[in-house]
There are 2 protein chains.
Amino acid sequence: MPSAEIFSQGDEVVTGQIADTNSAWLAERLVELGFDVVRHTTVGDRLDDLVAAYREIAARTDLCVSTGGLGPTDDDLTAPAIAKAFDRPQELDPVALAQIEERFRSFGRTMAPVNRRQAMLPRGAERIDNTWGTAPGFSLPGSPPGKPSGHGRAWIVCLPGVPREMKAMFDAHVAPRLVERFELAPGRLITFKATGIGESDLQQALEGLPLAGHRSADGLAPPEGIVVGFRTKLPENHLKLRVRADVPDAVVREHVRAVLGAIGRWVFTVEGIDPAWAPDHDCGGGDLAAVVGRALQARRQTLAVAESCTGGRLAAACTAWPGSSAWFREGVVTYSNEAKVRLLGVLQADLDAHGAVSEPIARAMAEGVRNRSSATWGIGITGIAGPEGGTPDKPVGTVHVAVSGPTGTSHRALRLPGDRERVQILSVSSALILLHRAIHPQSPQE
Amino acid sequence: MPSAEIFSQGDEVVTGQIADTNSAWLAERLVELGFDVVRHTTVGDRLDDLVAAYREIAARTDLCVSTGGLGPTDDDLTAPAIAKAFDRPQELDPVALAQIEERFRSFGRTMAPVNRRQAMLPRGAERIDNTWGTAPGFSLPGSPPGKPSGHGRAWIVCLPGVPREMKAMFDAHVAPRLVERFELAPGRLITFKATGIGESDLQQALEGLPLAGHRSADGLAPPEGIVVGFRTKLPENHLKLRVRADVPDAVVREHVRAVLGAIGRWVFTVEGIDPAWAPDHDCGGGDLAAVVGRALQARRQTLAVAESCTGGRLAAACTAWPGSSAWFREGVVTYSNEAKVRLLGVLQADLDAHGAVSEPIARAMAEGVRNRSSATWGIGITGIAGPEGGTPDKPVGTVHVAVSGPTGTSHRALRLPGDRERVQILSVSSALILLHRAIHPQSPQE
């Protein structure tokens, strides 16, 4: 499997003013293509550091994808560094220059003389067109097996740091060339998305499976060719299986079944498999709101939501998805008691008797929004997200969620740990889990 | 200025399954403390690669902060790699072991034998207590000037990869030791947060200022000791000035004024300065919703919002802030015409005459939610977020926002580029800008 390294340039990245999302994106793409990604390096805007880094990487790896440093200013040093590192003086690429001039013309502006620098590519470099911005990229071919290229063995690809341009150029121009020039055997990535269970409990539930060996206490190893990974993205925990191309489908399928046997009741969607392998599970991907939305749309059902402590976050999670207008009917954010009475028909007497953060009010909110909107389902959420507003009886994190539907109303009382954002996020996912369970009475969802 | 490098370990990071947010966080902290951060490196879970990387870094830098690889399993290789790289065999730290056992006891569980590994620190290492998880960290002292330490000159600090634990340990235990052991002169970070202007226009507006020299076409350099950076976080564009400790306040203040003179009308808050330097601007930080919320709270005014295409995102942005219940009165998400009539009092005749995505409906939504909630201000947003629903007359990205207040209703028609999320985000910020301007009639905000 050819090896790859990812390199990024820029003071803003190395000093932490920008989180380096390019590298993770590129790494995932390169792994998908079939590369063994072994290292990421980030260096600031200093010529000598860059020269040293390019030389090290070129000697060590088959492919280096570099981002950043292709702009027109003095601190954009990628081409000068490559030129110095590999003794390939910069030369004007007339096509690149014409493209840059044309781009400025299309904005009704004249190219500044300084932008001419962006067309000065290292000798022998192959231009990578950038139709999304001004900075063209370039690549230096690596050495064929057994024949040194003069700059180490790596094929070096240099792309701009602007994520939108970098990603578009990679997909349009770089990936096809990589597939052509390297012998790649791309594998398969399977993602089990779970919620309502913490990462350590998830790992515990997987103990005993050879799959879990990667992380388990008893030293069991995963089957050859399957690498297990975990990723937490509140409120979700993902289990990832990265499967090498030569693992037979039957083996993969068996492992998918074993995983679902162990953690299936927390898994709300599975990505990257044949849906026939998991007939009891959604296989469409996305987040919990997307999964719930698909289930509602398939049943031609609708949802209305009434939120207090989550302040619109549940409605926003639903409406983030294209096509949600087919199933999301309406939402109300009722912070005040007065609004709960006026917009939802909650009884003032219940507010007086139980307080706004209580089971009866969550139920009344769910039923009220369902009745008034004529939606199939109604959700009510009321709670104390903090940091203020807690009492000894009802500390911060006390949340009541309720789901009202054709056969009645269900409720769950929560005591959620963490800060305001965490309480809001977990309240939303708890409400969606409750709705998911109500939609699928035999649901594997806990 | 002492140099620092950041190192992270883990297959999940190097293959892009996790974006490496630890490194950016650490880089920013180290720069704040006064380090010159020169490189980030990420390597997967392979002993030889780790050994090579630690040796390189130790020879090159004054401080290395490493994250990840301190767990109990076979792929947690930080201590073995340090042991092998610097010939410091692992030895049991009895205090660390007791801490790990106690942590399991506090959960009502017994420590698995494998966790004993986490207490095996390289010889000569200083333990860093972890009261937030099971993995203790450790540090290896670097060489005093002129006296080699046996492992290169770097002080090496190893922390767990779990961000919550890593950050807590860094702040509680590592930062104080760094301040004690290095001669540091921390600088100042000033952030101007702008919205309603793109990054290139922002840079254009700064042209001619010596400050902008870092990015400008004419080669002007920023003053010695002030480094300029840009960061885009939709819908915000940030201009950052990193100011060395020895730059006099008078010089800094002059540059703050120059920047505000050039881009002040797009700046909604400034962080890191004496508020007296920018009397016309908010200096409290946060996002646009936080700034608007502070302005409302200071005036004892309230806000209610009616959203269609933004689906609750505006309400969620407001209620993300602690204390928003003091000024955020209520929100409604009305996708359907029927809901706009029932919940907001929009006239069916207006819907028939103009369509739901129109200036009259945005105005009626803003006025309706204001009147029904008795809030000081009402916002209405209606539009087509896409990807479906566009027409030749009203393509995707057509959005109308309106703000209703004590002296009338203002409106803005938008044609927003981009995908659904981008249209939603920019619609929310446009509505908040319109409200900001209505609250501050002499506002510098455009």
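In the text below, chain A, chain B and the rest are named by the order of the sequence lines, each starting its count at 1.
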Between Cys318(A), Ala306(A), Ala320(A), the one whose heavy-atom pairs under 4.5 Å with chain B are most numerous: Ala320(A)

Contact part of Thr41(B) toward chain A, heavy-atom cut-off under 4.5 Å: side chain, backbone, both or neither? both

Measuring from atom CG of Leu239(B) to atom CD1 of Ile190(B), what distance do you get when rounded to the nearest 0.5 angstrom? 9.5 Å

Do Ser308(B) and Lys340(B) come within less than 4.5 Å of each other through their side chains, counting heavy atoms only? yes

Please identify, among Leu314(B), Thr15(B), Val31(B), the residue contributing the most non-hydrogen atom pairs under 4.5 Å to chain A. Thr15(B)

Taking side chain as everything from C-beta outward and backbone as N, CA, C, O, which of these in Arg420(B) sits under 4.5 Å from a heavy atom of chain A? Side chain, backbone, both or neither. side chain

Please tell me if the side chains of Glu330(A) and Val333(B) come closer than 4.5 Å, counting only heavy atoms from C-beta onward. no

So what's closer than 4.5 Å to chain A heavy atoms on Glu56(B): side chain, backbone, both or neither? side chain

With salt bridge (Lys or Arg N to Asp or Glu O under 4.0 Å) as the criterion, how do Asp36(A) and Arg46(B) come out once you've worked through the C-alpha distance, each side chain's angles and the decisive distance to 0.1 Å? CA-CA 12 Å; Asp36(A) 179 24; Arg46(B) 300 181 208 186; 2.6 Å; yes

Most heavy-atom pairs under 4.5 angstrom with chain A, which of Gly16(B), Ser23(B), Gly44(B)? Gly16(B)

Does any part of the side chain of Leu30(B), heavy atoms only, come nearer than 4.5 Å to the side chain of Phe170(B), both counted from C-beta? yes

Engaged part of Asp419(A) at the chain B interface, taking heavy atoms whose separation is under 4.5 Å: neither

Which portion of Phe328(B) sits near chain A, non-hydrogen atoms under 4.5 angstrom: both

Only pairs of heavy atoms separated by less than 4.5 Å count here; which of Arg29(B), Glu421(B), Arg313(B), Arg342(B) has the most with chain A? Arg342(B)

Please determine, by modelled atom types, if Thr61(A) and Ser3(A) share a side-chain donor-acceptor pair under 3.5 angstrom. yes

The interface call for Ala53(B) against chain A, heavy-atom contacts under 4.5 Å, is both

Please look at Trp321(A) and chain B and tell me whether the side chain, the backbone, both or neither of the residue comes under 4.5 angstrom of a heavy atom of that chain. backbone

Nearest-0.5 Å distance, OG of residue Ser8(A) to NE2 of residue His40(A): 9.0 Å

Nearest 0.5 Å please: distance from the CG atom of Leu344(B) over to the OG1 atom of Thr334(B). 5.0 Å

Heavy atoms only, distances under 4.5 angstrom: which of Thr42(B), Val43(B), Val13(B), Thr191(B) has the most pairs with chain A? Name it, please. Thr42(B)

Any carboxylate oxygen within less than 4.0 angstrom of a Lys/Arg side-chain nitrogen, looking at Arg103(B) and Glu165(B)? no

Taking Arg242(B), Glu388(B), Glu307(B), Lys233(B) one by one, which has the highest count of heavy-atom pairs under 4.5 Å against chain A? Arg242(B)

Taking every heavy-atom pair that is under 4.5 Å apart, which of Ile6(B), Val14(B), Val37(B) has the most such pairs with chain A? Val14(B)

